[in-house]
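Below is one structure; the comments refer to it alone.
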Amino acid sequence: MEKGKKVYEGKAKVVFETQDPDKYILYFKDSATAFDGLKKAEVSGKGVLNNKISSLIFEILEKNGIKTHYIERISDNEMLVWKADRLLVEVVVRNVAAGSICKRLGFKEGEVFDPPLVEFFYKSDELHDPLICVEHIKLMNLATEEEVKIMRETALKVNSILSEFFDKNGIKLVDFKLEFGRLPDGSLAVVDEISPDSCRLWDKKTGEKLDKDRFRFELGDLLEGYRKIFERIGG
Ligand code: UDP
């Protein structure tokens, strides 16, 4: 499958058309960004790792009955996906307190959320992705009530599948972000990527942070963490 016209370029990926009007190619870049794009760096090799980790995770989800946009990994840096109309909502699931919820509500990092917490954010660079509630989603027409229900249920199911998967590989799934899109038949699929850029992953034994927090807070070599994750999950 060859790359056609560039459709969109984001901070970490580029989306290309293909000869098939129903399919896109996602190209994973080597750029690392954090804090709303204020912190930036080129990390050679990050695109390949994120593409490989994300592909592996999508394959696990598909096997477990989760509908995603993933078709196949077509090269080191590229993934073939179904075209989907993205919702402007980010869904975050938290098993353990870390990141923005500590700043926002005063939780101590490491506090356990049982049952896991589901949060919605409005995907808007201009407004810095604010936290929103279901009423906002309805008011702003970001998704239907049924879609909100599906996003919540799917996010929790993804959490169960991935928590168990990472746990058996010695990694704690602390939190993660999902995005959803509408396929041509109107149904929802998990889109974007699921990688150490969008998940917090801690070594189960040592508590070492293996995800993008290494870059956010200068905790150590970013790729070393991503490589450890990839190796542990069977890459
Ligand atoms: N996350 C993401 N993209 C975003 C915001 C958050 O992938 O635009 C991920 C983040 O990596 C973490 C989880 O969602 O795994 C929860 O992020 P949080 O709300 O704590 O925000 P952060 O402090 O990471 O910006």
Side-chain angles (χ1 to χ4, degrees), residues 8-13 26 28-29 31-41 43 46-47 49-51 53-54 57-58 61 68-69 86-113 116-133 136 142 151-152 154-156 158-159 161-163 165-167 171-181 190-203 207-220 222-223 225-226 228-229 233:
Y8 169 82
E9 176 154 6
K11 286 181 256 198
K13 292 185 297 298
L26 295 190
F28 286 70
K29 299 197 286 186
S31 333
T33 66
F35 308 121
D36 251 346
L38 288 177
K39 181 169 175 165
K40 284 186 209 154
V43 183
K46 172 177 170 282
L49 276 166
N50 269 357
N51 185 34
I53 294 170
S54 223
I57 291 178
F58 277 132
L61 294 181
T68 79
H69 70 158
R86 280 184 183 214
L87 304 188
L88 295 179
V89 176
E90 295 189 342
V91 185
V92 168
V93 181
R94 300 180 190 274
N95 296 302
V96 175
S100 73
I101 197 163
C102 298
K103 271 193 247 144
R104 201 180 336 113
L105 297 174
F107 285 100
K108 282 206 192 70
E109 184 177 275
E111 280 186 57
V112 173
F113 298 131
L117 183 69
V118 179
E119 294 178 332
F120 298 99
F121 294 83
Y122 177 36
K123 207 171 151 57
S124 159
D125 284 341
E126 203 186 345
L127 298 174
H128 313 290
D129 297 352
L131 178 73
I132 50 175
C133 63
H136 294 126
L142 301 177
M151 286 194 284
R152 188 190 296 279
T154 307
L156 287 170
V158 167
N159 185 46
I161 297 164
L162 294 185
S163 291
F165 170 71
F166 280 115
D167 183 76
I171 295 171
K172 173 79 198 164
L173 176 60
V174 171
D175 61 30
F176 63 93
K177 180 261 310 173
L178 291 184
E179 295 188 26
F180 289 84
V190 177
V191 301
D192 200 55
E193 68 184 289
I194 306 178
S195 72
D197 272 12
S198 62
C199 303
R200 284 197 170 87
L201 298 161
W202 296 352
D203 184 292
E208 186 191 7
K209 294 175 178 170
L210 303 171
D211 54 74
K212 200 167 90 174
D213 274 350
R214 295 169 82 90
F215 173 72
R216 290 189 186 97
F217 306 111
E218 312 274 340
L219 302 177
L222 181 71
L223 277 199
Y226 285 30
K228 274 189 195 168
I229 294 167
I233 64 176

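In each ligand, atom 1 is the first atom listed, and ligand 1 is the first ligand listed.
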### Query
Near G99, which atoms of ligand 1 are under 4.0 Å from a heavy atom of that residue?
20 (O), 23 (O)
### Summary
atom 3 (N) of ligand 1 sits nearest the protein heavy atom K177 CE, 3.5 Å
### Query
In the protein, which heavy atom is nearest to atom 24 (O) of ligand 1, and how far is it?
R200 NH2, 2.8 Å
### Query
Looking at atom 6 (C) of ligand 1, would you say a protein heavy atom lies below 4.0 Å from it?
no
### Task
Name the closest protein heavy atom to atom 15 (O) of ligand 1, giving the residue it belongs to and the distance to 0.1 Å.
D175 OD1, 2.6 Å
## Note on the structure
The option among S195, C102, S100, C199 carrying the non-hydrogen atom nearest to atom 23 (O) of ligand 1 is S100
### Query
Looking only at heavy atoms, is any part of D197 under 4.0 Å from ligand 1, and if so is it the side chain, the backbone, or both, or is it neither?
backbone
### Query
What atoms of ligand 1 come closer than 4.0 angstrom to any heavy atom of V92?
14 (O), 16 (C)
### Message
Between D192 and K177, does the salt bridge (Lys or Arg N to Asp or Glu O under 4.0 Å) criterion hold? Intermediate values first, please.
### Response
CA-CA 10 Å; D192 200 55; K177 180 261 310 173; 3.1 Å; yes
### Task
Determine the sole option in I229, I53, V174 for which the side-chain contact (heavy atoms from CB on, under 4.5 Å) test with L201 is passed.
I229
### Query
Quick one: does K39's side chain have a donor or acceptor within less than 3.5 Å of a partner on F215's backbone?
yes
### Message
Would the distance check show the side chain of S124 and the main-chain N or O of D129 forming a donor-acceptor pair, the cut-off being under 3.5 Å?
### Response
no
### Query
Does ligand 1 have an atom under 4.0 Å from some heavy atom of V174?
no
### Query
D167 and S163: side-chain donor and acceptor closer than 3.5 Å?
no
## Note on the structure
At under 4.0 Å between heavy atoms, what of A98 touches ligand 1? The answer is backbone
### Under 3.5 Å: donor-acceptor pair, side chain of N95, backbone of D175
no
### Query
Is there a donor-acceptor pair under 3.5 Å between the side chain of K212 and the backbone N or O of S198?
no
### Summary
Min over R216, E193, E90, K103 of heavy-atom distance to atom 10 (C) of ligand 1 lands on R216
## Note on the structure
Contact region, K212 to ligand 1, non-hydrogen atoms below 4.0 Å, reads neither
### Task
Under 4.0 Å from a heavy atom of D129: give me the atoms of ligand 1 that qualify, with their elements.
8 (O)
### Message
I want to know whether F217 and F35 have ring centres closer than 6.0 Å.
### Response
yes
### Query
Can you check whether R200's main-chain N or O pairs, donor with acceptor, with K172's side chain at less than 3.5 Å?
no
